[in-house]
Amino acid sequence: MNELKKSILVSLWFMFLTFPLMVIRVNTIDQTVVWRWENMALIGIGSFVLSFVWRWAMRRKEAGDAVAASGEKKSSKVAEWANNPALTNTFRAIFLLGFLVTPWLVTTYQTNILISFLLYVVLGLGLNVIVGVAGLLFLGHAAFYAIGAYSYALLNQYFGLGFWVALPIGGVIAALAGIALAFPVLRLRGDYLAIVTLGFGEIVRLVLENWSDLTGGPSGVSNIPRPGLFDIKLSVADANIYIYYIVLALAIITIIAVTRLKDSRIGRALQALREDEIACEAMGIDRVGVKVMAFGLGTAWAGFAGVIFAAKTTFINPASFTFFESAIILSIVVLGGMGSNLGVILGSAFLVLLPEYLRAFSEYRMILFATAMVLMMVFRPQGLIPAKGRSYTVDDPDLNPANGGGN
Amino acid sequence: MKRFSGLVIAACLTLLTSTAFGADTVKIGVAGAHTGDLASYGLPTVNAAKLVAKDVNAKGGIDGKQIELLIQDEECKPEKATNAATKLISDGAVVVLGHICSGATKAALPIYTEAKIVTISPSATNPELTQSGQYPTFFRTIASDDAQAKLGVDFAIGKLAAKKIAVLHDKGDYGKGYAEYAQKFIQDGGQAEVVLFEGVTPGAVDYSAVVQKVRQTGADTVMFGGYHPEASKIVSQLKKKRVKVNFISDDGVKDDTFIKVAGADAEDVYASGPQDVSGLEMNKAAKAAHVAEFGTEAGAFFDAAYAAMQALVNAIDKADSTDSDKIMNALRTENVDTTVGTIKFDARGDAEGVGFSMYQVQGGQYVELK
Amino acid sequence: MACPSVLSTVRQGAVPSRRRRGIMDWQYFTELFLGGLTRGSIYALIAIGYTMVYGIIELINFAHGEVYMLGAFVGLIIAGVLGIMGFPAPAILVIAAVVAIIYCAGYGYTMEKIAYKPLRGAGRLSPLISAIGMSLFLQNYIILAQTSDFLPFPRLIPDFDFLEPIAHVFGSSDFVIVVTSALFMAGLTAFIKYTKMGKAMRATAQNRKMAMLLGVDSDKVISITFILGSSLAALGGVLIASHVGMVNFAIGFLAGIKAFTAAVLGGIGSIPGAMLGGLFLGLSESFATGYISSDYEDVFAFTLLVVFLIFRPSGIMGKAKVEKV
């Protein structure tokens, strides 16, 4: 009965709350008012039902949290699978094969979407190094994406450089910019860092937009050539497939590089930095150097992705690199579970492929997407694949396993 | 004997042309802003396409093939425009009606150029699109921005005796383009002075600082390049701060929505727009058909879009094929009666016989000034 | 009336052909100053919401700008309905503002319960993403529930006679904005300083666990914080809509980012800081546009933010945080 009462209250509340916006439609241009009472009924019933669902889901989540907090080693099925090397390798092989063959099986449009997806994977992995591994809150990633794209576009426009030459240059320029940003913001912690990087991201975009003489301003730069294949002229569809493979290659290289990075000395230094900066310094790790390196690495990848993006769309302008972009890339990292590669891939799939395939719902697409984002965070804040520290089991008979002698 | 062989030849030709058609339908792509804040510029084009297609299909289609419309929304955003273009091509569009905004059109054109798809826009006015020569498959049924800017400048100096002109824009591709041309023409003409050239941020909280700046420069005229939301806000602020200037703008503002949103402040505003062709019979019929079919008045660029569709249909028909070269040739050589008059296209893709006029808001309505 | 001659000539709407140019054109300066004051008041109203929420739960509430936008829309709807029913303009304005405040308080409260409360223990990033999702949700909610068009907002503030001499510089709606904002902000400051709940809020902001131990219901305090912040933002929305004459689903984003910048400039977590930051930003932008160029107006605002954060992260009013090792 209590449950029923609660739900009725919730339902009444929502009906009240959404009354002006959902029921009344005023058109001040034509001076008309439309009263849509049916919406109120919809909200009433919907919120009534959903409140039950919500409470059930919350209870489940709290139970799950309690279990995790008590230290029980109850890992999810997915994590179990992820630990089984034979299984993961087979999966990887299947996926790889799938990705390799796809462009020949689907339309150019679908290939385009997949290229977008892979670009975001690369972006997400790059940001993952900064945010997930090093724990630095970075909200300006789109700026470095833009720097990479504009490097190629402008180098091509003013100096006629081709794609393959511009690719490494774009990455280097983005990395340098990242390092340049890193130095002044070194001292900042947590949220302040986030705000500064947000500001920086906006500054880059606004400068690109206003410095028309150099960057073409809002008109952007067009007619950016696609990557050439030994001077063979490719049709639109074929060029797309070519780009797809380039991006796929980049994505694979990035995955490998990031994985190696995490295991390396630098990677471990970054993770130590994330956990406790002061202790890091006490241990002799060069805080400055490590932070700068994290920035440089993460942004370099954004630069590479940017060059490819410019080549893919053949036209760039500042409107593609807004704060919203940075927010999406960050969401990919967080949704996927910070620090894990597979998580980033899944997060990217969720955030990039989902809106595309939701096109069927056309006008409800964005709101469903936003709802999904909020729900994902509320019910699984640790992300799809939560970051797991490396665990070692110590096989020492002296240590009594019953006393928690393991990791 | 002769007749028989004639029959055979006719049969072969029909076979050949039908294979040249390929599919059972003629797929015409319609790309533009159908959602988002610029949807009011793109949706009338969709309606125009639908009306023409319905009409033509009822009469048996083009050379016996029905028209199929492939509608793609790109919100006037360049990166979405490239996606839309790719989709239209991969879905088999043979010609495209679109895009709507100059920026989006510019982004999509390289794709259409490479795929050799004829594209006609009813509203993309950026001069480069036809004047640069880089887009040979592009046509349009509206005059370009430099013509608009020139008209505005000549009007300001000639009719309004402007001496000090403040040129503003919305930092967007279209608005800034118009403003830059206006500035150039004023400076080249030497009869008036550009006392201010600045961009305002769309969506900013208020524009009082820019308005104060306009007053400070002593300008007697403001020329604004951009769309109606910003124009509306600036005009309101100008009136609020009692800055007495003439306000001249482009066809992004020559829209009834501007008058409705700005209300009383819109009075006396000048804007250039496509010449008034509402007297033409075909035009009246098209507008009436719109009301009959959709229940509302036709919106922005409807005339030009309807005309563009008519031109496309006519060209495909006269060319007896969907081969792009033949269509382009037909567009350039065949006159076609449309809702904007009898037109054909010149070598660069502009429509001959289509120009701009200056309008003023008088008594809550845009009135064409002769 | 002993008005300076320059003001009286401009009152007639004519532009003086020769301006007295001494060391400084004081008239222009005043114009920009007053314009900046208006803009700054709006920023301040929104910034307070950001700073209060951050002070209490250390979350940057990205959806706050959308609350401002919701306020404008609710105000529009009420104003539209009442207008058709024939109410007099000042009454419409007051009623619309009150209703908008009530509703946005409700939205703020609900938003917190759904998207932020469940995430209280979950680190910094998850609530941030949730906030971003919420912001996107509210924007699209308006698009679906209302429209994506630009809707005109009726001009509800009549021209005040006593302002006539300077109306071209500081009109009646500017006046209403500045005065109303000042009143509400003063009210809020008094509330925080003198009431029990205000004390509870300050305590919770300083140290939540300690406050809880002392018997403060932190859930209630947090809800009140959101309610107050949203109310002010809603007021800002209605005022600005009436001033500019137009509402649209996208106005929340830019205003939100600017207000957030203002909150940081003033020292995030400090309410007087947010007010000062808002005014400071509004004035800076106005002067930057007036004396330099409006092209780089936004770049200026963000550069200011970055510079401040690098050299004085605690902002104008904030106290430097002592980092315990």
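Below, chain A is the first sequence line, B the second, and so on; all start at residue 1.
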Using heavy-atom distances under 4.5 Å, tell me whether [X] contacts chain A through its side chain, its backbone, both, or neither.
X: C/Ile129; answer: both
X: C/Val299; answer: both
X: C/Phe253; answer: side chain
X: C/Phe300; answer: neither
X: C/Leu138; answer: neither
X: C/Phe308; answer: neither
X: C/Ile77; answer: both

Side chain from CB out, backbone as N, CA, C, O: work out which of these in [X] comes under 4.5 Å of a heavy atom of chain C, or both, or neither.
X: A/Met376; result: neither
X: A/Val204; result: neither
X: A/Leu139; result: side chain
X: A/Thr18; result: both
X: A/Phe14; result: side chain
X: A/Leu375; result: neither

[X] atom [atom1], over 12 foreign heavy atoms within 6.0 Å:
X: A/Phe379; atom1: CZ; answer: yes
X: A/Phe52; atom1: CZ; answer: yes
X: C/Lys220; atom1: NZ; answer: no

If you count heavy-atom pairs within less than 4.5 Å of chain A, which of [options] leads?
options: C/Phe311, C/Phe73, C/Tyr116, C/Phe260; value: C/Phe260
options: C/Val74, C/Ile60, C/Ile142, C/Thr110; value: C/Thr110
options: C/Leu304, C/Thr303, C/Ile257; value: C/Thr303
options: C/Ala131, C/Ala115, C/Ala301, C/Ser130; value: C/Ser130

Rounded to the nearest 0.5 Å, what separates atom [atom1] in [X] from atom [atom2] in [Y]?
X: C/Phe62; Y: A/Leu198; atom1: CZ; atom2: CG; result: 5.5 Å
X: A/Leu330; Y: C/Leu128; atom1: CG; atom2: CG; result: 6.5 Å
X: C/Phe137; Y: A/Thr371; atom1: CZ; atom2: OG1; result: 5.0 Å

May I ask you to check whether A/Phe19 and C/Tyr103 place their ring centres under 6.0 Å from each other? no
Which heavy atom in C/Gly106 sits nearest to a heavy atom in A/Leu17, and how many Å separate them? C-CD1, 3.6 Å
If I compare all heavy atoms of A/Ala370 with all of C/Gly133, which pair ends up nearest, and what's the gap? CB-O, 3.5 Å
Using a 4.5 angstrom heavy-atom cutoff, name the option from A/Phe16, A/Trp54, A/Phe200 with the most pairs to chain C. A/Phe16
Could you tell me whether the side chain of C/Pro127 reaches within less than 4.5 Å of the side chain of A/Met377, counting heavy atoms only? no
side-chain contact (heavy atoms from CB on, under 4.5 Å) between C/Leu305 and A/Val196, intermediate numbers included: CA-CA 7 Å; C/Leu305 173 74; A/Val196 161; over 6 Å; no
Between A/Val378 and C/Ile114, is a side-chain contact (heavy atoms from CB on, under 4.5 Å) present by the stated rule, with each step listed? CA-CA 8 Å; A/Val378 168; C/Ile114 295 183; 5.5 Å; no
